[in-house]
Trainee: 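Encoded as structure tokens, here's the structure I'll be asking about.
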Amino acid sequence: MEWNFSEIEAKWKKIWKEDSLYRVENESSKPKFYVLDMFPYPSGAGLHVGHPLGYIASDIYSRFKRLNGYNVLHPMGYDAFGLPAEQYAIQTGVHPATSTMNNIKSFRAQLDNLGFSFDWSREIMTCDPEYYKWTQWIFLKMYNAWYDNKAEKARSIHDLTDHFSRMGTQGINAACSSRMNFTAEEWNNYSKKERQDILMNYRLMYRRISTVNWCEALGTVLANDEVKDGVSERGGYPVIKKPMIQWSMRTTAYAQRLLDGLDKVEWSDSLKTMQRNWIGRSEGARVFFELKDHTEKLEIFTTRPDTIFGATFMVMAPEHPFVKLLTTEEQKNAMDEYVTRSSKVSEADRLNAEKTMTGVFTGSYAIHPFTGKEIPVWVSNYVLIEYGTGAIMAVPAGDERDMRFAATFNLPIREIIQWDQPDAERSSKEGIMIDSDFLNGMRVTDAIKAAIEAIESRSIGQKLVNYKLRDANFSRQRYWGEPFPIAYDVNGIAHEVSPLPLELPEIKDFRPSGDGSSPIAKATEWVNATPGLKRETDTMPGFAGSSWYFLRYMDPQNKEQPFSESAVNYWKDVDLYIGGAEHAVGHLLYSRTWHKFLYDLGMVPTDEPFKKLINQGMIQGVSEKTYLVKDAQEQIYFKGGDSAYYPIKLDKPRQVFISRELTEDYPSDSYGGDAQLNGLSEMTVHIDLVEDYGSSAGGYLTEKGISEFLNRRPDFKDAVFVTSDGYYIDGHYHTVTSSADCRFNTKAEVEKMSKSKYNVINPDSVIDEYGTDVFRMYEMFLGPLEQSKPWDIKGIEGVGKFAKRFWNLFFDENGQFALRDEKPTDEALKVLHKTIKKVGEEIEKFSFNTCISAFMIALNEIKKQQAYHRDILEPMIVLISPFAPFLAEELWHLCGNKTSVHTASWPEFNEQYTLDNVITYPLCINGKKRDLCDFPTDADDKYITETALQRPEIVKWMEGKTAKKVIVIKGKMVNIVV
RNA sequence: GCCGCUGUGGCGGAAUUGGUAGACGCGCUGGAUUCAAAAUCCAGUGACAGCAAUGUCGUGUGGGUUCGAUUCCCACCGGCGGUACCA
């Protein structure tokens, strides 16, 4: 019988749905297991071949766990608020809710094509008021909470006001923006407004001034990646940093717990390292430096207080509040210019400018707290305002960057460490202090302690633990997000809005308001719904809804609470979380923070949400690039046989594209190129236009490809395309050196698969051709789950053939379903049990590629042995069912089973079938294999040694020498050392 | 710059974590079947030398540890990803 996968898939999809096969209950006698995929954003571009990689893996694991007797929660939903829907609305006028629902529909259809075992009755989306009601609810809980550093947990804001009214700030150690001191009496006399302002200093959701990327020309705030080289990516308009009052989440309160929690979870070391670096705990000291001619003191943070005697100058960030104060009249112009210049430089560019140090002297001096010497105060953008105090004591002797800065501006250097290794790096702590007064002769590590003691005893500073983690900006000046359930009165005091959910207003015009506030500001009726109050018009960021969604899946329809106590006590936490590494520090840190907050509230029983985490690798795409000569050109060149350039004059300046083979002549970063030619910039072309896409010889554009490219990019309609043989201009190709057809070569580059890189490959056509089961197995067969790899369809034939051959095992020559009912041979049982063991072990290791190999090996073996026994093949169906759910279900029913294979049990492994009584040992001489020899499993070393030494092949290779030593590794090999 | 990952045949990759390098699949070559093709089946396939048996080399490069290294250590080079110059 033919394997008709599309018929079979349609049939079982329908039956499984009718039977609610994948429905999960919140109570069971079975142990629970929660398998979660990272929340997808349903983009208009739909699913590409990279998306399903993780979903297939989690689905296989879920099915495996079910077969092994677990009650498995495996849900799916949508992170549905976001920028693209809003941008689409601006362009087309389609309401974001409408386009989002359409996207979800097609996304869902694509997911349904992949045979996943999601419990769709738990489907959620963050833009549903029934969902964001609870996002708003949690927001208010955090708004009404403060973090008690002594109790190491969040507490109700009422506890804090209560304490203030009785004792003021005395005895309070709270996470806050700035330290405050007042008495109970003062507190009780403050106005309502003053009290509310003070509480903002403590709330876990609070308002503060933070800067945004403001683009005046677009009249809107831009995300970081919408800004490139200081201008907006769209349109290229200038972008400045603009201060605005915004909501923030006090993530920093949880810094230490976020760090400590990493020790309790099974995540990859690389991911933990990323989070640790992001949280960035460092121990050091804050030190106050007196300033010459000023009463203020400059506060700095250093991790190396031991090097204080090496401090020969100070450096402040350009944004530091003291810059104005300390800049003298003579330096003012230079400073103003530098500060302005720095504010336009993106952080990435500051980063790339690493080699050339820039900075300006303020004209003022600080007083060294130990030596009393005057040291100059500089401003440079290698110091960041966001980290520490935004100012440093610069120690050229102990820091590579400070050294480079000193060298650039000819500042003094005082060597204060004699390193154990003369060529040690400047940051090395292996050495002895010199020229450092009371620290002289100490090891660096001791000197750090001694320096802190001295700093504290002189009251010029104290020991301090510092984190580079910053509080997260929680406001977006957008429409398509959760509204804040907050309204302000005339005094600017925030009030809670009830009842929840506070739904988004209906608006028609999604364009930015132009003054920096969101389009919601234009919905005046909504904004002023309550007399005397104005509602907040900003919305929450994307990570709000995705910070707790995994808890909602446990109890998705609950109308009374975000989730019930019984549901969360049953499911507890996510046992396995699979997703991309791009969320390493964003989502994973925010959701851990929310979870810890809910834990402090007693709402969840676990303090970490994700027990085990696997990062699936990226499926990369191959993009095709072409090269554009910078600036319009008046002539193009051809290279003659004599390597000279022959110019062809153009009628007017035109943009010029260059075929790949010609790029070598042009100047680039790594190669000087020809001085008479301009530099090149890369342009990505859509892979659909490229002939021989992905071939090893390289792709190229024909005349047709070029004209199609120009259709899509009318901004280049006048461009010239130069190849080594001719050029394409105004719709025609002109040959110069030969009469060959137009072949404009492009350059293939492996990159992340993304709509913006024009290299997306959609799974639908592959599934149509080979079926879901083959697609699932092929994606797994590509390589290790955690490794990134370019998408390549070449190998799918092999998996397709495998599936067909597996199917055919169950049918005789006449196409009749036929299984042998007699007892299988020991040999056949051995194949089966080896496969049971192998596949089970590999699934537990998430090594799905080797599982597919194991199936192929088993298949080859079964065919060779003609072991078409029911007792062999039926268990094989169960083994393969997590990978190929449709194929397995159909065969399972053909075998006469009445219930689903997906509710069957994983076959039991019986070791006795796999034991060999003979082991083949490789016999090696000095590590080189020279012979093979069978030995009984229980042969002892002495017997093996003696036998081996008598083997003719071994005798020959020993060339009469005597064995110095014979190493016998039981069950592995024999090595003879001569 | 810094951090993380990665490097094995023509290609995707395997190797029980220090013990026969290249499983499995793709591709390629030859054969069977066919009027022919597709499909299917069988055999071969790391490089070099050799008619062959066989030998030598071989896991990015160079060193080291070891009886034995794709695996561990040191230095370097390339690719991919991230990036907040973290004092």
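Residue numbers start from 1 in every chain, and the chains themselves are labelled A, B, ... in the order their sequence lines are given, proteins ahead of strands. Note that this is a predicted model, so its numbers are computed, not measured.
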Trainee: Can we say A:R304 and A:D399 salt-bridge, meaning some charged N sits less than 4.0 Å from an Asp/Glu carboxylate O?
Mentor: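 So A:R304 does not pair with A:D399 through a salt bridge.
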Trainee: Starting at NZ of A:K272 and ending at C1' of B:rC5, how long is that distance when rounded to a whole Å?
Mentor: 17 Å
Trainee: Which string of ( ) [ ] | and . matches RNA chain B, if you list each base 5' to 3' and count Watson-Crick or G-U pairs only when both distances are under 3.5 Å?
Mentor: (((((((..(((......[....)))((((((.......))))))((((....))))..(((((..]....))))))))))))....
Trainee: Which residues satisfy the salt bridge (Lys or Arg N to Asp or Glu O under 4.0 Å) test with A:K830, sequence neighbours excluded?
Mentor: A:D916
Trainee: Taking the side chain as everything from C-beta on, heavy atoms only, tell me whether A:W807 gets closer than 4.5 Å to A:N4.
Mentor: no
Trainee: Nearest whole angstrom, please: distance from the P of B:rC5 to the CE of A:M274.
Mentor: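 Atom CE in A:M274 sits about 8 Å away from atom P in B:rC5.
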Trainee: Between A:T850 and A:S847, do the side chains contain a donor N or O and an acceptor N or O under 3.5 Å apart?
Mentor: yes
Trainee: I'd like the C1' distance from B:rU8 over to B:rG4, given in whole Å.
Mentor: 22 Å
Trainee: Give the rounded distance in Å between these two atoms: CG of A:N615 and C1' of B:rG82.
Mentor: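 Checked: the CG to C1' distance equals 12 Å.
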Trainee: Are any of A:R404's side-chain N or O atoms less than 4.0 Å away from OP1 or OP2 of B:rG1?
Mentor: no
Trainee: Considering only NZ, NE, NH1 and NH2 on the basic side and carboxylate oxygens on the acidic side, decide whether A:R281 and A:E283 come within less than 4.0 Å.
Mentor: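 A salt bridge links A:R281 with A:E283.
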Trainee: When the distance from CE of A:M393 to P of B:rA87 is rounded to whole Å, what number comes out?
Mentor: 13 Å
Trainee: Please check if any side-chain donor atom of A:S248 sits under 3.5 Å from a side-chain acceptor atom of A:D471, or the reverse.
Mentor: no
Trainee: Roughly how far apart are A:L53 CG and A:E779 CD, rounded to 0.5 Å?
Mentor: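 Rounded to the nearest 0.5 Å, the CG-CD separation comes to 5.5 Å.
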Trainee: Between B:rC42 and B:rC26, how far apart are the P atoms? Round to whole Å, please.
Mentor: 12 Å
Trainee: Select from A:S282 and A:L271 the residue whose nearest nucleotide in RNA chain B is closer to the 5' end of that strand.
Mentor: A:L271
Trainee: Rounded to the nearest Å, what distance is computed from the CD1 atom of residue A:I279 to the C1' atom of nucleotide B:rC3?
Mentor: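 Going from A:I279 (CD1) to B:rC3 (C1'), I get 15 Å.
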Trainee: Assess the side chains of A:Y382 and A:D402: does a donor N or O sit below 3.5 Å from an acceptor N or O?
Mentor: yes
Trainee: Verify the ring-centre separation between A:Y770 and A:F775: is it less than 6.0 angstrom?
Mentor: no
Trainee: In whole Å, what separates the P atom of B:rU6 from that of B:rU16?
Mentor: 15 Å
Trainee: Please evaluate the base of B:rC86 for a donor-acceptor partner in the side chain of A:N277 within a cut-off of under 3.5 Å?
Mentor: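 Counting by modelled atom types and ignoring angles, no donor-acceptor contact under 3.5 Å is found here.
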Trainee: Atom CD1 of A:I976 to atom P of B:rU66: distance rounded to whole Å?
Mentor: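 In whole Å, B:rU66 P and A:I976 CD1 are 21 Å from each other.
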Trainee: Whole-Å distance between B:rU40 P and A:L859 CG?
Mentor: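 Checked: the CG to P distance equals 14 Å.
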Trainee: Specify the residue among A:Y467 and A:K965 whose closest nucleotide of RNA chain B lies further upstream toward the 5′ end.
Mentor: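 Closer to the 5' end of RNA chain B: A:K965.
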Trainee: Could you work out the separation of B:rA43 and B:rG82 based on their C1' atoms and round it to a whole Å?
Mentor: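 Taking atom C1' in both B:rA43 and B:rG82, they lie 49 Å apart.
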Trainee: Does B:rU17 count as syn, meaning its glycosidic angle lies within 90° of 0, or as anti?
Mentor: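 B:rU17: syn.
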Trainee: What is the nucleic acid contact for A:R930, judged by heavy atoms within less than 4.0 Å: base, sugar-phosphate only, or nothing?
Mentor: sugar-phosphate
Trainee: Across nucleotides 12-25 of chain B, 5' to 3', mark each nucleotide with B, S or - according to how protein heavy atoms within less than 4.0 Å reach it.
Mentor: BSS-B--BB--BBS
Trainee: Under 4.0 Å between a side-chain nitrogen and a carboxylate oxygen: does that hold for A:E841 and A:K845?
Mentor: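 Salt bridge between A:E841 and A:K845, a charged N being under 4.0 Å from a carboxylate O: no.
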Trainee: How far does the C1' atom of B:rC74 sit from the matching atom of B:rA84, given to the nearest Å?
Mentor: 32 Å
Trainee: For B:rG18 versus B:rC11, give the span between their C1' atoms, rounded off to a whole number of Å.
Mentor: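 Those two atoms are separated by 29 Å.
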Trainee: Could you check if the base of B:rG4 is syn or anti? Syn means the glycosidic torsion is within 90 degrees of 0.
Mentor: anti
Trainee: Is the number of heavy atoms from other residues, nucleotides or ligands under 6.0 Å of A:E911 CD greater than 12?
Mentor: no
Trainee: Using the P atom in both, what is the distance from B:rU59 to B:rU54, to the nearest Å?
Mentor: 24 Å
Trainee: If we take the C1' atom in both B:rC5 and B:rG10, what is their distance in whole Å?
Mentor: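 Their C1' atoms lie roughly 26 Å apart.
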Trainee: Expressed as a whole number of angstroms, how long is the span from A:L464:CG to B:rA87:P?
Mentor: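 Going from A:L464 (CG) to B:rA87 (P), I get 13 Å.
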